[in-house]
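What follows is a single structure, written as structure tokens, with notes after it.
Chain letters run A, B, ... following the sequence lines, proteins first and then strands; every chain starts at 1. Computed over heavy atoms, backbone and side chain alike; hydrogens, waters and symmetry mates excluded.
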Amino acid sequence: MNDAVTDTPSGARDDPARDYRDTVFLPQTSFPMRGDLPRKEPQILAKWEAMDLWGKIRASSAGRPLFILHDGPPYANGHLHIGTALNKILKDVVNRTRQMAGFDANYIPGWDCHGLPIEWKIEEEYRAKKQDKDAVPILDFRAECRAYANHWMGVQATEFRRLGVEGAWRDRYATMDRPSEAAIAGEICKFLLNGALYRGLRPVMWSPVEKTALAEAEIEYHDHTSATIWVRFPIVKAPPQPVQDIVPGPMPDPWWMSELEGASVVIWTTTAWTIPGNRAVAAGPEFDYAVIRVDAVADGSLARPGEKIVIAEALLPAVLKDTGITAHTVLHVVKGADLAGTIMAHPLRGAEGADGGYDQDTPLLLADFVTTEAGTGFVHIAPGHGEDDFILGRANGLDVPETVGDDGTFNAWVPLFAGAHVYKAADPVSTALIAAGTLLARGKITHSYPHSWRSKAPLIFRATPQWFIPMDGPHRIREKALDAIAATQFVPDQGRNRIGSMIAARPDWCISRQRAWGVPITVFVEKQTGEPLRDPAVVGRITQAFETEGADAWYSSPPSRFLGNDYNPDDFEQVMDIVDVWFESGSTHAFVLEKRGLPWPADLYLEGSDQHRGWFHSSLLEAVGTRGVAPFKAVLTHGFVNDEKGRKMSKSLGNTTAPDEVADKFGVDILRLWVMSSDTTEDLRIGPEILKQQAELYRRLRNTLRWVLGSLDGFSEAERMPVEQMPELERWVLHRLTELDARFRAAVQSYDWTGVYPELHNFCAVDLSAFYFDIRKDALYCDRPDSPRRRAARTVLDHLHRYLCTWLAPVLCFTAEEAWCARFAPSSSGDDTSVHLELFQTPPANWHDDTLAAKWETIRSIRRRITVPIEECRKTNVIGSSLQAAVELPLNADHETLLDAAAWSEIAIVSSVTLVPDTDGSPVKVTPASGAKCARCWRVLPVVGSNATHPSRCLRCTDAVESGRVCKPAA
RNA sequence: GGGCUGGUAGCUCAGCGCCAGAGCACACGCUUGAUAAGCGUGAGGUCGGACGGUUCAAAUCCUCCCCGGCCCA
């Protein structure tokens, strides 16, 4: 308590003009109204760094139940954007709330470092220096990639920490760390050793000029003129089921389908060289296909009058024109679905010199990628020469012929065309088809075609050996993954469905890439058998070497180092492919959790919804394949950040919001508040107006804290009052705290934070600022310090300060710290006090009082009946301040005992209330209060002026002043 | 084109079968002892569209369409 002020000497009359301000307890605090966040936040960060806050948090929570949010690694390339900021802030809030709810939330942030984008950056630098990548030793190249990733990890770490994200930054993980590379190789070898790793063929985009595979982003599309061919596939066996003709008219013989034998299915392709690789024809199940008889043809047409061909009805006019058919009869129309099971001959069946190499059957399959935009409505399927073809082929057990070599020429085994280059294959293929009688027409088309970004040469899809993890078969990875999904908590729950349908439909996982910057697939293949070597001793030598030297050891060591004395290196081929980066990040659980002795599986994975196909997916498959279960107990997803109109952000549209700009202009706490004010399970929006709104919300929170701090000035434990002795108003506030507490605890459990912080804001604005604080200002400012009413209020304010600071700490991590230290660490520098070392407060059971809450709900609704007529009196200039009002309040029998008249005047902040019985819903009457205004508390009361010595004060204020205990605010 | 998802006041969000809600912003007023603050009052929406369906009753269920977003093709 501050120095008491002596009133005027007893007996002397007061000066009516006296200013009583210095006898009133006005809020007093060092906590400024303006946040000044962009300047202050870095100072607070520096303080945390200096006191080793992270270390102290860990030490303080030792022994508590662990909570592991396993960090999905962002790619170590470029500055943070708003999406990564959202993700990390949300993670930080979840971690902090769990920490403050009593867990030991040890968060280890990490990075994804390998992969194409960094390779490209380094290659780009080479090109700028006119250097050839292939001339650089691979270890040098990898070292440059490593340095590049390292640089960006540092940049992003700084940016994340500026966002207030707390974690084990010194112990961060990176996929390119040596132990990580060793662990990743170890995971690959788990699949190798348990037999779930096989080598198969798969088409990839290939440049015959550079003799290399290319990734999607290395491909440029340019116009290219290709030869086109229309080819007959003679039907040798009609579909198995009798089907009804769908042409209107007389009902045909249901067995007409047998007529299809002898007819031909016609395909159209722009890549004649893929015909030798054909293994099927696909039709669209929903399309109508016409069986026609050719009646007349133009000169030079390869069509034959009298022959029967099948073509999609929608494309019939175009095909007739292109093939020179001038007259025809539609015999039947049939759904594509009904053609399934038709067996055709390969168009080169029986060709001279082919030696029976094309005599295999060609099935007709159904596929939803077939369109009727161009062609014939039938697609020729060469599983080695197209993504769709490959997947359809796998699903139907087709083989993947390896027809083309790395230089773009046909392999020696390919009948008729061995050694020919695919770029020049259109003529020989056409000639052979003409000889076989199956070419229906030829043409040319100019279309957009993939080319190499480097050589500008046209590319081909070519079957190449790749490494796969099977989804089905003895390891039942698909089935186990689906079981694991069923056992996982998804927030929101739709995520289960989304990842589930992907897992259910996906093909085998191709984990090999023909690249340099990554972890090699550490496998030796026995040359004679083509089988991978499965020897735990060899695996052990590999992972051991990687542990200290990293994956570079694979490139720098002779194979004998790994093969040991049991094998002759000459008998083995060392695989030089690297593993898919998704396999790497899918293995982080192994080296970040398991290897470090943290609990496994993780409690939570938390990423953007795109990671259903990405990290959640690969982590699930990796863990199921090696451990049989998911590496996470729960998966939380958030949406994407769009602009204020809900449009995707793009530099060209100029609608981007960068996190560092928000930090510099508003402060990080505003950005964090934005995250928690949004529904993060859906897409979110951000922009100038939305940020401005967040700044408004922040101001209210900040001013609430400020007023609490100011009104608590000088609070001493001696003032504290037990709940039982408090007025109902105070007990109602404490009850509200129990309600909010329940909301927080539920959110901590469920990870569902939507609406929680808006509700806290609502509490501050509506329950506290506009109601409780407004009412209690009179007692806090004007009562003597030992007044029970004031003591009760200050006790509640003490609780409010602790509850609000701790609740806000996970989100407004800087502001809450400031408000906490403003009270508990006023000495500032060198002090180790931090709100982040606190736990959430636990409300005593006796604070909860539903009956009281219901009663005060009624009181507040009656209060609203009073404020309306007061407002009307203001309009007519009868009164200004509500303290100038006297109210006549009619109450019905149910309400007349709620409060007494004095309490009503307190609650309504008026100078007097008269209660009258309400029998017919009579309105509240407001009149100017009679009496004079107390110069100290401004209430208008009849007693003011009745005391000759103290003519300008009311009784309460006279007592307060004469007690000699009212303070003069510290200067 | 397919899978998942969203479209309720200027903004952020509730409501998800039975009279359109909250906070913020806005307007007006009060206060000048939370003052680059605080209080009060008020205005504002045919709930994306359908002179579509189901129902006694639809923002809420169904169908179609339009506009976004993520992932595939």
Side-chain angles (χ1 to χ4, degrees), chain A residues 19-29 31 33-34 284 367-371 373 387-388 391 492 494-502 504-506 608-614 617 637-648 673-674 676-679 681-700 702-711 754-755 757-766 769-771 773-775 777-778 780-782 863-864 866-875 877 879-884 909 936-938 969:
Chain A
D19 181 357
Y20 283 93
R21 183 184 296 244
D22 59 358
T23 73
V24 166
F25 297 103
L26 295 179
Q28 195 72 25
T29 174
F31 184 80
M33 180 177 287
R34 308 262 332 241
D368 52 18
F369 57 80
V370 178
T371 71
E373 277 162 28
E387 189 73 28
D388 286 337
I391 292 168
Q494 298 91 287
R496 181 193 314 284
N497 194 357
R498 186 162 174 183
I499 191 172
S501 53
M502 287 180 198
R506 67 156 298 146
S609 59
D610 57 333
Q611 297 304 324
H612 286 107
R613 177 156 293 271
H617 193 111
T637 53
H638 60 252
F640 274 67
V641 185
N642 296 316
D643 75 0
E644 288 186 320
K645 292 181 180 128
R647 306 275 167 164
K648 187 191 177 88
L673 186 59
W674 161 74
M676 301 315 286
S677 302
S678 306
D679 178 356
T681 65
E682 295 295 337
D683 289 343
L684 3 194
R685 301 180 181 203
I686 198 170
E689 194 190 335
I690 291 169
L691 283 166
K692 212 176 122 199
Q693 187 191 166
Q694 299 310 318
E696 291 296 332
L697 298 176
Y698 172 84
R699 269 197 353 205
R700 171 66 72 150
R702 186 175 180 93
N703 272 316
T704 302
L705 290 170
R706 177 172 143 89
W707 189 82
V708 169
L709 281 165
S711 300
T754 313
Y757 281 89
E759 189 170 325
L760 184 60
H761 176 272
N762 213 59
F763 173 67
C764 288
V766 181
S769 195
F771 187 63
F773 292 172
D774 210 28
I775 291 164
K777 279 177 196 168
D778 175 71
L780 285 161
Y781 295 177
C782 301
R863 185 171 118 113
R864 279 185 281 274
I866 302 174
T867 50
V868 173
I870 288 179
E871 186 63 22
E872 278 158 16
C873 283
R874 275 199 194 106
K875 286 219 164 70
N877 279 325
I879 60 161
S881 153
S882 64
L883 282 176
Q884 293 166 19
I909 318 179
R936 186 162 172 275
C937 74
W938 299 348

Is it the case that B:A34 (base atoms only) and A:Lys777 (side chain only) share a donor and an acceptor within less than 3.5 Å, ignoring hydrogens and angles?
yes

Please check the phosphate of B:G29 (OP1 and OP2 only) for any side-chain N or O of A:Arg874 closer than 4.0 Å.
no

Between NE2 of A:His761 and CE of A:Met676, what distance do you get to the nearest 0.5 Å?
15.0 Å

Of the options B:C70, B:G23, B:A73, whose atoms approach the side-chain atoms of A:Asp388 most closely?
B:A73

Nearest to the side chain of A:Tyr781, which nucleotide is it out of B:G33, B:U31, B:G69?
B:G33

Pairwise C1' distance, B:C47 and B:U60 [rounded to whole Å]:
10 Å

Need the pair for B:A14. Rule: Watson-Crick or G-U wobble, both distances under 3.5 Å, any strand; none if unpaired.
none

Complement of B:U41, any strand, by Watson-Crick or G-U distances under 3.5 angstrom
B:A27

Considering only B:U41, B:G33, B:G38, which nucleotide approaches the side chain of A:Cys782 most closely?
B:G33

Determine whether any donor atom in the side chain of A:Thr704 lies under 3.5 Å from an acceptor atom in the base of B:A34, or the reverse, and answer yes or no.
no

Indicate, yes or no, whether a donor-acceptor pair under 3.5 Å links the base of B:A34 to the side chain of A:Arg706.
no

In the structure I gave you, are the side-chain heavy atoms of A:Ser711 and A:Lys777 within less than 4.5 Å of one another anywhere?
no

What nucleotide among B:U5, B:A34, B:G33 has an atom nearest to a side-chain atom of A:Gln494?
B:U5

Side-chain N or O of A:Arg936 less than 4.0 angstrom from OP1 or OP2 on B:G33?
no

May I have the step-by-step check of salt bridge (Lys or Arg N to Asp or Glu O under 4.0 Å) for A:Arg874 and A:Glu871, ending in yes or no?
CA-CA 5 Å; A:Arg874 275 199 194 106; A:Glu871 186 63 22; 2.9 Å; yes

Minimum-distance nucleotide (side-chain atoms of A:Arg647 versus B:C39, B:G68, B:A37)
B:G68

Quiz question: going by heavy-atom distance under 3.5 Å, is there a donor-acceptor pair between the base of B:C70 and the side chain of A:Arg498?
yes

From the candidates B:C13, B:G33, B:G38, the one with an atom nearest any side-chain atom of A:Ser678 is B:C13

For the side chain of A:Thr867, starting at C-beta, report the closest nucleotide among B:G69, B:G40, B:U31.
B:G40

Give a yes or no on whether a donor-acceptor pair under 3.5 Å exists between the nucleobase atoms of B:G23, that is its base, and the side chain of A:Gln693.
yes

To the side chain of A:Val766, which of B:G40, B:A34, B:G23 is closest?
B:G23

Distance in angstrom units between A:Leu26 CG and B:U31 C1', rounded
15 Å

Mind checking who B:C64 pairs with, Watson-Crick or G-U wobble, both distances under 3.5 Å?
B:G49

Examine B:C39: is either OP1 or OP2 under 4.0 Å from a nitrogen or oxygen in the side chain of A:Arg700? Give yes or no.
yes

Just how far is it from atom CG of A:Leu691 to atom CD of A:Glu644, taken to the nearest 0.5 Å?
7.5 Å

Counting only Watson-Crick pairs (N1-N3 plus N6-O4 or O6-N4) and G-U wobbles (N1-O2, O6-N3), all under 3.5 Å, who is the partner of B:C70?
B:G3

Closest listed nucleotide, where the reference is the side chain of A:Met33 and the choices are B:U31, B:A37, B:G33
B:A37

Would a 4.5 Å heavy-atom cut-off, applied to side chains only, mark A:Trp674 and A:Leu684 as touching?
yes

Within the structure, does a side-chain N or O atom of A:Thr29 lie under 4.0 Å from either OP1 or OP2 of B:A34?
no

Could you tell me whether A:Arg936 sits above the aromatic face of A:Tyr781, with NZ or CZ closer than 6.0 angstrom to the six-membered ring centre and within 45 degrees of the axis?
no

To the nearest angstrom, how far is A:Lys875 atom NZ from B:A43 atom C1'?
12 Å

Side chain of A:Glu871 only, heavy atoms from C-beta on: which candidate in B:G6, B:C11, B:G40 is closest?
B:G40

